[in-house]
Participant: 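I am attaching a structure below and will ask some questions about it afterwards.
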Amino acid sequence: MLRPWIGAVYLLLLGLVLAVGPGQRLPDFALLDPKGNLVTPATMKKPAVIVFWASWCPVCKAEFPGLHRVAEETRVPFYVISREPKDTKEVVLEYMKAFPRFIPLLASDRDKPHEVANRFKVLGQPWTFVVDAEGKVVALFAGRAGREALLDALLLAGAELP
């Protein structure tokens with residue numbers, strides 16, 4: 001009989017194998033920033049970080065303050081996309097008031113955030129992708145992204161760090 005944690009580890013590893021990974025281009029998407037501007041892989045400022053999260057996720061709540069500090073220090077854009085279909089625009093914008101350096105991406109006429117998460121093959125949250133200037137993924141973190149590893153990934157992506 002499999003122990004429950006073995007199944008969880010298996011799903012995490014399977015997700016890492018299936019997810020958009022290092023060297024791959026970002027999947028196409030079209031979401032809106034809070035000002036109503038369309039954001040696509042072509043229009044994103046890069047290098048960048050994309051974080052998939054959910055408002056109910058305790059790991060996301062614990063991780064966001066540290067990620068936000070990195071966003072403040074590096075000035076690299078952090079695009080945050082809720083993969084929870086129940087996270088309305090109002091819920092997302094209220095949650096993001098505590099994290100003004102994050103750029104929440106919201107549903108557009110073309111895409112919904114949870115559909116974009118499916119294109120990235122994200123199986124959980126938080127999942128963090130570091131993207132270089134060419135729109136290629138240089139690093140993927142399933143679960144918490146440690147500060148030093150994230151800074152290293154940003155260097156690989158070509159970010160100029162202070």
Participant: What's the spacing between Glu73 CD and Leu151 CG if we round to 0.5 Å?
Facilitator: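 Glu73 CD to Leu151 CG: 7.0 Å, rounded to 0.5 Å.
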Participant: Between Phe99 and Phe78, does the ring centroid distance fall short of 6.0 Å?
Facilitator: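 Aromatic pair excluded; centres sit 6.0 Å or further apart.
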Participant: Roughly how far apart are Leu123 CG and Phe52 CZ, rounded to 0.5 Å?
Facilitator: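 That separation rounds to 11.5 Å.
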Participant: Find the distance between CD (Glu115) and CZ (Phe120) and round it off to the nearest 0.5 Å.
Facilitator: 13.5 Å
Participant: Measure the shortest side-chain to side-chain distance between Pro27 and Val116 over non-hydrogen atoms and say whether it is less than 4.5 angstrom.
Facilitator: no
Participant: If you measure from CH2 on Trp56 to NZ on Lys86, what distance do you get to the nearest 0.5 Å?
Facilitator: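 Going from CH2 on Trp56 over to NZ on Lys86, the span is 10.5 Å.
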Participant: Would the distance check show the side chain of Tyr79 and the main-chain N or O of Asp33 forming a donor-acceptor pair, the cut-off being under 3.5 Å?
Facilitator: no
Participant: Is there side-chain contact between Ile50 and Ile81, with at least one heavy-atom pair below 4.5 Å?
Facilitator: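 Yes; the side chains approach each other to less than 4.5 Å.
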Participant: Identify the two heavy atoms, one from Cys60 and one from Ala54, that lie closest to each other, and give their separation to 0.1 Å.
Facilitator: SG-N, 3.8 Å
Participant: Taking all heavy atoms of Arg83 and all of Gly124, pick out the closest pair and write down the distance.
Facilitator: CD-O, 3.2 Å
Participant: If Ile, Leu, Val, Met, Phe, Trp and Tyr residues are connected whenever their side-chain heavy atoms lie under 4.5 Å apart, and connections chain through other members, are Leu32 and Trp53 in the same group?
Facilitator: no
Participant: Using side-chain contact (heavy atoms from CB on, under 4.5 Å), reason through Val80 and Val92 one step at a time and then give a plain yes or no.
Facilitator: CA-CA 10 Å; Val80 293; Val92 169; 5.9 Å; no
Participant: Checking Asp87 side chain against Val91 main chain: does a donor-acceptor pair fall under 3.5 Å?
Facilitator: no
Participant: Has Asp111 got a side-chain atom pairing as donor or acceptor with Leu31's backbone, closer than 3.5 angstrom?
Facilitator: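 No.
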Participant: What heavy-atom pair brings Pro47 and Pro77 nearest, and what distance separates the two atoms?
Facilitator: O-CD, 3.4 Å
Participant: For Asp109, is the CG atom crowded, meaning more than 12 foreign heavy atoms sit under 6.0 Å from it?
Facilitator: no
Participant: Mind listing the closest non-hydrogen atom pair of Ser82 and Pro113 along with its distance?
Facilitator: O-CB, 3.1 Å
Participant: Should Tyr95 and Leu93 be counted in the same cluster of Ile, Leu, Val, Met, Phe, Trp and Tyr side chains packed under 4.5 Å apart?
Facilitator: yes
Participant: Decide side-chain contact (heavy atoms from CB on, under 4.5 Å) for Val130 and Leu156; before the verdict, give the C-alpha distance in whole Å, the side-chain angles of both, and the deciding distance to 0.1 Å.
Facilitator: CA-CA 9 Å; Val130 179; Leu156 285 174; over 6 Å; no
Participant: Say whether Val76 and Phe64 are linked into one hydrophobic cluster, either directly or through other cluster members, by side-chain heavy-atom distances under 4.5 angstrom.
Facilitator: yes
Participant: Does Arg110, at its CZ atom, have more than 12 non-hydrogen atoms belonging to other residues, nucleotides or ligands within less than 6.0 Å?
Facilitator: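 Count over threshold, so yes.
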Participant: Any donor and acceptor pair, going by atom type alone, linking the side chain of Asp132 with main-chain N or O of Gly135 inside 3.5 Å?
Facilitator: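 Checked: pair present.
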Participant: Can you check whether Ala157's main-chain N or O pairs, donor with acceptor, with Lys46's side chain at less than 3.5 Å?
Facilitator: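 Checking the backbone N and O of Ala157 against the side chain of Lys46, no donor-acceptor pair under 3.5 Å is found.
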Participant: Search all heavy atoms of Val51 against all heavy atoms of Pro126 and return the closest pair with its distance.
Facilitator: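 Here Val51 and Pro126 meet closest at CG1-CB, 4.4 Å.
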Participant: For residues Met44 and Phe29, report the shortest heavy-atom separation together with the two atoms involved.
Facilitator: SD-CZ, 3.7 Å
Participant: Is Arg101 reaching over with its side chain to a backbone N or O of Val70, donor-acceptor style, under 3.5 angstrom?
Facilitator: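 No, the answer is negative, given that no donor and acceptor are paired below the 3.5 Å cut-off.
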Participant: How long is the straight-line distance from CD of Glu160 back to OG1 of Thr74, given to the nearest 0.5 Å?
Facilitator: 11.5 Å
Participant: Find the distance between CE (Met96) and CD1 (Ile103) and round it off to the nearest 0.5 Å.
Facilitator: 11.5 Å
Participant: Answer whether the closest heavy-atom distance between the side chains of Asp28 and Pro41 falls below 4.5 Å.
Facilitator: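 Asp28 vs Pro41: side chains touch.
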Participant: Can you hop from Phe102 to Val49 via hydrophobic side chains spaced under 4.5 Å?
Facilitator: yes
Participant: Do any N or O atoms from the side chain of Gln24 and from the backbone of Val137 form a donor-acceptor pair under 3.5 angstrom?
Facilitator: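 Between the backbone of Val137 and the side chain of Gln24 there is no qualifying donor-acceptor contact (under 3.5 Å).
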